[in-house]
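In what follows, a structure is listed as structure tokens, so that the remarks can point back to it.
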Amino acid sequence: MVTEEGEYLTTKAATKEHLGLLRDVALATMVKANQEDADLAAKVADGDRNALESAFQKYGGAVKTMANRVLRNETLAEDVLQEVFIGFWKAPDKYDSNRGTLRTFLVTLAHRRAVDTVRSEQARFKREEKVPEDVGPSIDEEVWTRALSDSVRKALGGLSDGEREAITLAYFGGLSYVEVAEKLGAPEGTVKSRIRSGMRKLSVSLAGVSS
């Protein structure tokens, strides 16, 4: 006769074993993906243009999405996309599969290059003493162009913890709404609401700085 306690212990053991198997599968999948990325990078290092094309097909979309999220400009994002893969073609050895996936490596490069482009554009507009010929900047663009300034840091300090965390992860960390929600353990709708309310507060604070 099996007692309720016995059934509970059996179920608990089975669940633990199941979770262990899932963990092992996830680890094996990650190791396999990293090995595939390492092999791809090695082929690129050997001058294999087909390997470079494969990397572009697999990760080009993520790279461009990151660049466009920062720049809010399709043409500039395309430029960053090309620069990232040209850089990878010239120096594939900079990728270390032990430190992460090739996707993460390339997307990180895109983020850095996009930020550099923002700074370069700001400097150019300042030198020419004119503003971009776009319709006025969006709230997102206004915040990002001042991302490293003391004014924005002070403005961020005036937000609630939830708003500040969500905005920092989304706009300065380069994460999507879904990724931010997963990282914070909050519903996606809640994250979007926090970002919208926080951005409105930031725009008000920055309006005083820019006037």
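Hydrogens, waters and symmetry mates are skipped; everything else that's a heavy atom, side chains included, is used.
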request  = Just do the side-chain contact (heavy atoms from CB on, under 4.5 Å) check on Glu53 and Arg49 with the steps written out, would you?
outcome  = CA-CA 6 Å; Glu53 180 65 23; Arg49 291 185 176 274; over 6 Å; no
ask   = Should Phe105 and Lys94 be marked as a side-chain contact (heavy atoms from CB on, under 4.5 Å) after you check the CA-CA gap, both sets of side-chain angles, and the distance that decides it?
value = CA-CA 9 Å; Phe105 172 75; Lys94 289 185 177 181; 4.0 Å; yes
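- In plain terms, the two heavy atoms of Leu40 and Ser54 that are nearest each other are CD1-CB, 4.0 Å.
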Run the side-chain donor-acceptor check on residues 75-89: report pairs under 3.5 Å with partners two or more places apart or on a different chain.
unit_1: Glu78; atom_1: OE2; unit_2: Lys64; atom_2: NZ; d: 2.6

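- Closest non-hydrogen pair, Ala41 versus Pro92, comes out as O-CB, 3.8 Å.
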Would you give me the side-chain donor-acceptor pairs under 3.5 Å for residues 190-197, sequence neighbours excluded?
unit_1: Lys192; atom_1: NZ; unit_2: Glu188; atom_2: OE2; d: 3.4
unit_1: Ser197; atom_1: OG; unit_2: Glu163; atom_2: OE2; d: 2.8
unit_1: Ser197; atom_1: OG; unit_2: Ser193; atom_2: O; d: 3.2
unit_1: Ser197; atom_1: OG; unit_2: Arg194; atom_2: O; d: 3.0

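- Separating the OG1 atom in Thr108 from the CE atom in Met66 is a distance of 7.5 Å, to the nearest 0.5 Å.
- Other residues, nucleotides and ligands contribute over 12 non-hydrogen atoms within 6.0 Å of the CZ atom of Arg164.
- In this structure, the side chain of Asp37 engages the main chain of Leu102 through a donor-acceptor pair within 3.5 Å.
- At most 12 heavy atoms of other shown residues, nucleotides or ligands fall within 6.0 angstrom of atom NZ in Lys43.
- Within the 3.5 Å criterion, the main-chain N or O of Gly162 finds no donor-acceptor partner in the side chain of Glu165.
- For Asp116 and Arg113, the salt-bridge test fails: no basic side-chain N is under 4.0 Å from an acidic carboxylate O.
- A donor-acceptor pair is defined here as one N or O able to donate and one able to accept, closer than 3.5 Å; such a pair exists between the side chain of Asp96 and the backbone of Asn98.
- Here Leu109 contributes atom CG and Tyr95 contributes atom OH; the two are 12.0 Å apart, rounded to the nearest 0.5 Å.
- Listed for the Thr104 side chain is no donor-acceptor partner under 3.5 Å among the backbone atoms of Gly100.
- The nearest pair of heavy atoms linking Ala114 to Leu71 is O-CD2, 3.5 Å.
- Interatomic distance, CZ of Arg112 versus OG1 of Thr117, reported as 14.0 Å (0.5 Å rounding).
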task = List the steps and the verdict of side-chain contact (heavy atoms from CB on, under 4.5 Å) for Asn68 and Arg72.
result = CA-CA 5 Å; Asn68 203 31; Arg72 305 290 176 180; 5.6 Å; no
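- With values rounded to the nearest 0.5 angstrom, Leu169 atom CG is found 12.0 Å from Glu182 atom CD.
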